[in-house]
Participant: 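Sharing a structure below in structure tokens format, with a few things to ask.
Just so it is clear, the structure is predicted and the values come from calculations on it, not from any experiment. Convention: sequence-line order gives letters A, B, ...; per-chain numbering from 1.
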There are 2 protein chains.
Amino acid sequence: MLSKKTQYAFHALVHLAENVDKGPILISEIAQEKNISIKFLENILLELKNAGILGSKKGKGGGYYLMRPPKEIALAKIIRLLDGPIALLPCVSLNYYERCENCRDEAVCGLNEVMGRVRDSALKILENKTLKDILTRNN
Amino acid sequence: MLSKKTQYAFHALVHLAENVDKGPILISEIAQEKNISIKFLENILLELKNAGILGSKKGKGGGYYLMRPPKEIALAKIIRLLDGPIALLPCVSLNYYERCENCRDEAVCGLNEVMGRVRDSALKILENKTLKDILTRNN
DNA sequence: CATAAAACCTATAAAAAAGATAGACTAAAT
DNA sequence: ATTTAGTCTATCTTTTTTATAGGTTTTATG
């Protein structure tokens, strides 16, 4: 499961994406709209800013805004930034790989193979779906 | 990521599957073979037993064994038992569903839709792949 | 220039979960 | 009777997650 942090981030980003044309948006507005603790959200938005995903403006009329158009922000990027690995096992993670300490040879491990597939199938979606895709539902 | 508990369980189950014809297998043998703390493994195997996945025999010549053939034990079942939800969000979980507290209407939420797809793509693999499939690698 | 608004930064605390261990109990084999 | 090996329950430690607190800096504007 994704952490609350990542979940909140997604909801906040959606709100920012829905209001791209309205200039900087207040943390407090997002917090209220999405029912998130304002102080916690503050930290999250700051982290997104430090990663180059958000920009901000201080003082009156300030707030946060997206640094790129919603369709250029992939969901996988947000998850990796705030939650770490997307893979189910360390030995199968592309960005946070760690050697398996319970099997003799990963190249021969069937678990490694299957979990690699699960990772691929998740990434196929998460790397290609963007903020824009989660603004509205298209069934 | 899967917890250590679940990871250990998979490795232990693989060992049991590899030795189905050898009668009950000692916890200590599995622990040593797979480099797992014996006491921790004890708890895990017990949990698997209480869930009906393993059987056991006490006393000399005792140990643990699979209650069904490896090809009938789906990976998804083990994950759900020891780790809980497979889905990335509570609002998209089939077995551990919880209402989303940050959005107005899940039926309209684009995040809900995408995460539902991620869940489906993972389940398609995890529900169909069994212990037997992870015994050896077939590329 | 003073004031207020709003993000920035750092630390810390509280709670929950994960990981691991301890030790006494029960059942079975010989 | 003794030994072997799983059973049960409790506890403990560590790490991670979630959340809060409070002062600092920047900016707009009257």
Participant: Donor-acceptor pair, distance only, cut-off 3.5 Å: does the side chain of B/Asn43 make one with the backbone of B/Lys39?
Facilitator: yes

Participant: To the nearest angstrom, how far is A/Met1 atom CE from D/dT16 atom P?
Facilitator: 19 Å

Participant: Using whole Å, what does the distance between atom C1' of nucleotide D/dT18 and atom CG of A/Leu41 come to?
Facilitator: 13 Å

Participant: How many Å lie between NZ on B/Lys4 and C1' on D/dT15, as a whole number?
Facilitator: 13 Å

Participant: To the nearest angstrom, how far is A/Leu2 atom CG from D/dT17 atom C1'?
Facilitator: 14 Å

Participant: Measure the distance from CZ on B/Phe40 to P on C/dA22 and round it to the nearest whole Å.
Facilitator: 14 Å

Participant: Measure the distance from CD1 on B/Ile36 to P on C/dA20 and round it to the nearest whole Å.
Facilitator: 10 Å

Participant: Under 4.0 Å: is that the gap between some side-chain N or O of A/Ser3 and OP1 or OP2 of D/dT16?
Facilitator: no

Participant: Among residues 43-52 of chain B, which ones have heavy-atom contacts with DNA chain D below 4.0 Å?
Facilitator: B/Asn43, B/Leu46, B/Lys49

Participant: OP1 or OP2 of D/dA5 less than 4.0 angstrom from a side-chain nitrogen or oxygen of B/Ser28, does that happen here?
Facilitator: no

Participant: Between B/Glu72 and B/Lys132, is the closest basic N to carboxylate O distance under 4.0 Å?
Facilitator: no

Participant: Going by modelled atom types, is there a donor-acceptor pair between the base of C/dG19 and the side chain of B/Lys39 at under 3.5 Å?
Facilitator: no

Participant: Got a donor-acceptor contact below 3.5 angstrom from the A/Glu106 side chain to the A/Cys100 backbone?
Facilitator: yes

Participant: For nucleotides 2-6 of chain C, print each protein N/O atom paired with a nucleotide N/O atom at under 3.5 Å, atom names and distance only.
Facilitator:
| unit_1 | atom_1 | unit_2 | atom_2 | d |
| --- | --- | --- | --- | --- |
| C/dA6 | O4' | A/Gly59 | O | 3.4 |

Participant: Among C/dA7, C/dC9, D/dA19, which is the nearest nucleotide to the side chain of A/Glu42?
Facilitator: C/dC9

Participant: Do side-chain atoms of B/Gln7 reach the backbone of B/Leu2 as a donor and acceptor pair under 3.5 angstrom?
Facilitator: yes

Participant: Do the side chains of A/Leu135 and B/Val118 join up, straight or via other hydrophobic residues, at under 4.5 Å, putting them in one cluster?
Facilitator: yes

Participant: In this structure, how many angstroms lie between the C1' atom of C/dA20 and the NZ atom of B/Lys5, rounded?
Facilitator: 12 Å

Participant: Measure the distance from CD on B/Gln32 to C1' on D/dA5 and round it to the nearest whole Å.
Facilitator: 16 Å

Participant: Under 3.5 Å, is there a donor-acceptor pair between the B/Glu33 and B/His11 side chains?
Facilitator: no

Participant: Any side-chain to backbone donor/acceptor pair from A/Arg137 onto B/Cys109? Under 3.5 Å, distance only.
Facilitator: yes

Participant: Between A/Tyr8 and D/dT18, is there a side-chain N or O to OP1/OP2 distance below 4.0 Å?
Facilitator: no

Participant: Under 3.5 Å, side chain of A/Asn35 to main-chain N/O of B/Asn102, donor-acceptor pair present?
Facilitator: no

Participant: So, B/Asp83 side chain and B/Arg80 main chain: donor-acceptor pair closer than 3.5 Å or not?
Facilitator: no

